[in-house]
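This report concerns only the one structure given below.
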2 protein chains.
Amino acid sequence: MFSIDDIREAVKRKSMLIIVGRCRVEYEGRAASHLGEGERLVIIKEDGSILVHRPVGYEPVNWNPPNSKLDISEEDGELVITSMRSGERLEIRLSEIKHFASFDLVDDAEFEMYASEAEMKKAVLADPSLIEDGFKPVEDERQAFGSGRIDIFGVDLSGRFVIVELKRKEANTQDINQLLSYVESLERELGSRPRAIIAAPSISRQATKIVAQAGVEFRCLTPRRCMEVLRRKKGLDAFLKER
Amino acid sequence: MFSIDDIREAVKRKSMLIIVGRCRVEYEGRAASHLGEGERLVIIKEDGSILVHRPVGYEPVNWNPPNSKLDISEEDGELVITSMRSGERLEIRLSEIKHFASFDLVDDAEFEMYASEAEMKKAVLADPSLIEDGFKPVEDERQAFGSGRIDIFGVDLSGRFVIVELKRKEANTQDINQLLSYVESLERELGSRPRAIIAAPSISRQATKIVAQAGVEFRCLTPRRCMEVLRRKKGLDAFLKER
DNA sequence: CCTTCCGTTAGGCTC
DNA sequence: GAGCCTAGCGGAAGG
């Protein structure tokens with residue numbers, strides 16, 4: 001079996017702890033919550049993050065992020081785990097522990113993610129014709145005109161300014177509003193209204209209406225297409241380097 | 001020890017599985033990712049959700065939501081867990097298993113959350129003076145004017161329309177833009193510009209500028225204050241019922 | 001630090 | 001099912 005000292009020892013050693021048991025959970029901080037008695041999985045990680053998982057659902061029912069401070073105690077025969085963080089307090093009272101284990105895990109691997117919006121941006125900068133022929137991104141891309149950051153800012157064949165908003169999935173009304181706030185901000189700044197292009201794999205029907213009404217243009221652009229462009233470019237770079 | 005059949009059996013029994021071991025993870029679906037070899041915690045829940053947790057961080061590095069389909073197999077001496085879902089595939093290849101356990105957890109408790117935006121809305125409907133004296137929410141509150149849903153729609157003392165946007169934490173520029181899109185949509189619909197009020201515990205400096213420029217009004221309203229109003233109202237209801 | 005915005009966001013609610 | 005919004009969102013990136 002194990003004692004409260006085993007748990008304290010594991011916490012101090014900065015191991016990952018797994019506790020399965022019957023518990024109640026109270027949270028108070030940015031909001032507040034109460035969870036009555038039931039059987040759950042509690043995970044405590046070496047960075048001070050803590051998760052309470054119910055038997056179903058993707059999300060933890062309660063948690064505290066990394067760098068929370070732990071306190072382990074015993075009260076009325078219950079194991080009490082308290083996780084504290086500026087302004088937030090999570091208390092888990094375990095009346096019965098079905099399982100306890102601790103591990104010192106080694107995990108240095110890189111996590112690589114593909115098909116993100118950042119990759120779409122790279123692809124458009126590498127091949128601006130993905131937006132339209134003659135589109136030229138403006139070199140200095142750190143454009144923060146009062147209200148937010150523009151994904152890509154450039155000029156079209158006729159020299160007119162173009163704001164491009166990228167989305168890796170279907171564009172919705174919120175996305176169009178975001179783009180329009182950039183347009184208006186930039187219009188005030190430059191005196192003329194720039195073109196606005198939303199580039200996404202698809203667009204919601206509702207958003208289509210706003211797009212039509214506000215003169216925004218839609219370009220179909222998928223993350224997959226962008227990955228292909230980047231792969232081709234990478235291949236070309238390698239080829240040029242070899243020569 | 002345990003065999004692959006133990007794991008299959010636990011999955012079939014719809015238990016919660018906990019596996020700690022050395023693994024690689026591939027994901028392909030809405031995006032794609034690759035995670036090289038390292039030691040992690042894998043959780044499989046009875047509803048088909050699956051989580052891969054690294055030794056640090058609040059979030060799982062890879063996952064699949066509830067109702068994913070599981071396949072357990074053995075390849076090249078590795079335990080291969082595949083989780084599939086419409087258009088998404090998660091593959092975990094375990095080269096070494098340090099720990100395996102399964103549990104049939106019982107958890108029927110209610111989870112109660114307080115201080116949500118929904119509660120703020122209830123409080124304002126119960127006591128509209130939280131917005132201002134004479135404010136009257138319009139009964140028919142299902143207001144979806146082309147672009148999104150308005151939190152609370154009403155009239156002020158002078159009979160002018162008022163749009164109220166509630167936020168449980170500091171209001172930012174995005175929130176103001178959202179409110180303004182409602183204002184403009186409604187202005188087109190009604191012919192006159194309604195008042196716009198953002199009710200939140202605080203407002204960011206950036207948002208303050210837009211508020212001033214666009215004629216939006218800010219009302220300080222905290223979730224805590226709303227909870228007190230609701231508690232008082234509940235108390236009153238109970239008192240009236242007792243008589 | 002503040003601000004902004006992405007995310008395999010998830011999850012819920014409404015039409 | 002489609003669309004929209006909240007979340008104790010978390011996390012990263014930029015100023």
Side-chain angles (χ1 to χ4, degrees), chain A residues 27-33 49 51 57-66 68 85-90 113-121 141-144 146-151 165-178 181-182 202-209 223, chain B residues 27-33 49 51-52 57-66 68 83 85-90 113-121 141-144 146-151 165-175 177-178 181-182 203-209 223:
Chain A
Y27 159 75
E28 184 152 359
R30 285 167 289 181
S33 74
S49 51
L51 309 165
Y58 158 84
E59 292 180 315
V61 63
N62 282 111
W63 72 92
N64 243 347
S68 305
R85 197 178 159 247
S86 77
E88 296 192 293
R89 179 194 170 83
L90 177 65
M113 170 74 80
Y114 312 100
S116 66
E117 192 187 293
E119 283 201 322
M120 291 180 75
K121 179 167 177 174
E141 44 154 314
R142 44 166 176 68
Q143 305 286 357
S147 90
R149 259 186 302 280
I150 291 167
D151 281 345
E165 176 74 22
L166 300 170
K167 288 295 158 193
R168 56 178 304 286
K169 52 181 186 172
E170 179 163 280
N172 59 27
T173 53
Q174 200 85 329
D175 300 328
I176 310 298
N177 280 338
Q178 185 185 7
S181 84
Y182 299 155
S202 63
I203 181 166
S204 77
R205 202 171 320 132
Q206 204 70 11
T208 310
K209 296 180 197 166
Chain B
Y27 160 73
E28 185 152 358
R30 285 166 291 181
S33 73
S49 51
L51 309 165
V52 182
Y58 158 85
E59 293 180 315
V61 62
N62 283 110
W63 71 92
N64 241 349
S68 305
S83 168
R85 197 178 160 248
S86 77
E88 296 192 293
R89 179 192 169 84
L90 177 64
M113 170 74 82
Y114 311 99
S116 67
E117 191 186 295
E119 282 201 323
M120 290 180 76
K121 179 168 177 174
E141 44 155 315
R142 44 166 177 67
Q143 304 287 355
S147 88
R149 258 186 301 282
I150 292 167
D151 281 345
E165 176 75 21
L166 299 171
K167 289 296 159 191
R168 54 179 305 287
K169 52 180 185 173
E170 179 163 279
N172 59 28
T173 54
Q174 200 86 328
D175 301 328
N177 281 336
Q178 185 185 8
S181 85
Y182 298 154
I203 181 166
S204 76
R205 203 173 319 132
Q206 204 70 12
T208 310
K209 296 181 197 168

Regarding A/Gln174, tell me which of base, sugar-phosphate or nothing describes its non-hydrogen contacts under 4.0 Å with the strands shown.
sugar-phosphate
Could you give the CD-to-P distance, from B/Glu119 to C/dC13, as a whole number of Å?
14 Å
Under the side-chain contact (heavy atoms from CB on, under 4.5 Å) test, residues paired with B/Ser83 that sit two or more places apart:
B/Ile50, B/Asn64, B/Ser68, B/Leu70, B/Leu90
Can you list everything that forms a side-chain hydrogen bond (donor to acceptor under 3.5 Å, both in side chains) with B/Arg85? Sequence neighbours excluded, please.
B/Glu88
Who passes side-chain hydrogen bond (donor to acceptor under 3.5 Å, both in side chains) against A/Thr208, sequence neighbours left out?
none
If the P atom of D/dC4 is compared with that of D/dG8, how far apart are they to the nearest Å?
23 Å
Without decimals, in angstroms, what is the distance between A/Ile176 CD1 and C/dC5 P?
15 Å
Whether each nucleotide of nucleotides 6-12 of chain C has a protein heavy atom under 4.0 Å at its base (B), only at its sugar-phosphate (S) or at neither (-) is summarised, 5' to 3', as SSBSSS-
Using whole Å, what does the distance between atom C1' of nucleotide D/dA7 and atom CG of B/Asn172 come to?
13 Å
Does B/Asn172 have any side-chain contact (heavy atoms from CB on, under 4.5 Å) partners at least two apart in sequence or in another chain, and if so, which?
B/Gln174, B/Asp175, B/Ser204
Using the side chain to side chain donor-acceptor pair (under 3.5 Å) definition, which of the options A/Glu170, A/Lys167, A/Lys169 pairs with A/Ser202?
A/Glu170
At under 4.0 Å, does any side-chain N or O of B/Tyr182 touch on OP1 or OP2 of D/dC4?
no
P gap between C/dT8 and C/dT4, integer Å
23 Å
Pair B/Tyr114-B/Glu119, side chain to side chain contact (heavy atoms under 4.5 Å, CB included): steps then yes or no
CA-CA 7 Å; B/Tyr114 311 99; B/Glu119 282 201 323; 3.9 Å; yes
Taking the C1' atom of each, how far is D/dA7 from D/dG11, in whole Å?
14 Å
Calculate the interatomic distance between B/Gln206 atom CD and C/dC5 atom P; express it in whole Å.
10 Å
Length of the CD1-P vector between B/Ile203 and C/dT4, whole Å
11 Å
I'd like to check the side-chain hydrogen bond (donor to acceptor under 3.5 Å, both in side chains) partners of B/Ser33; sequence neighbours left out, ordered by chain and number.
B/Asn62
If I take atom CG in residue A/Asn177 and atom P in nucleotide D/dG3, what distance separates them, rounded to the nearest angstrom?
16 Å
How many whole angstroms separate atom NZ of B/Lys121 from atom P of D/dT6?
11 Å
Think B/Thr173 has a side-chain N or O under 4.0 angstrom from the OP1 or OP2 of C/dT3?
no
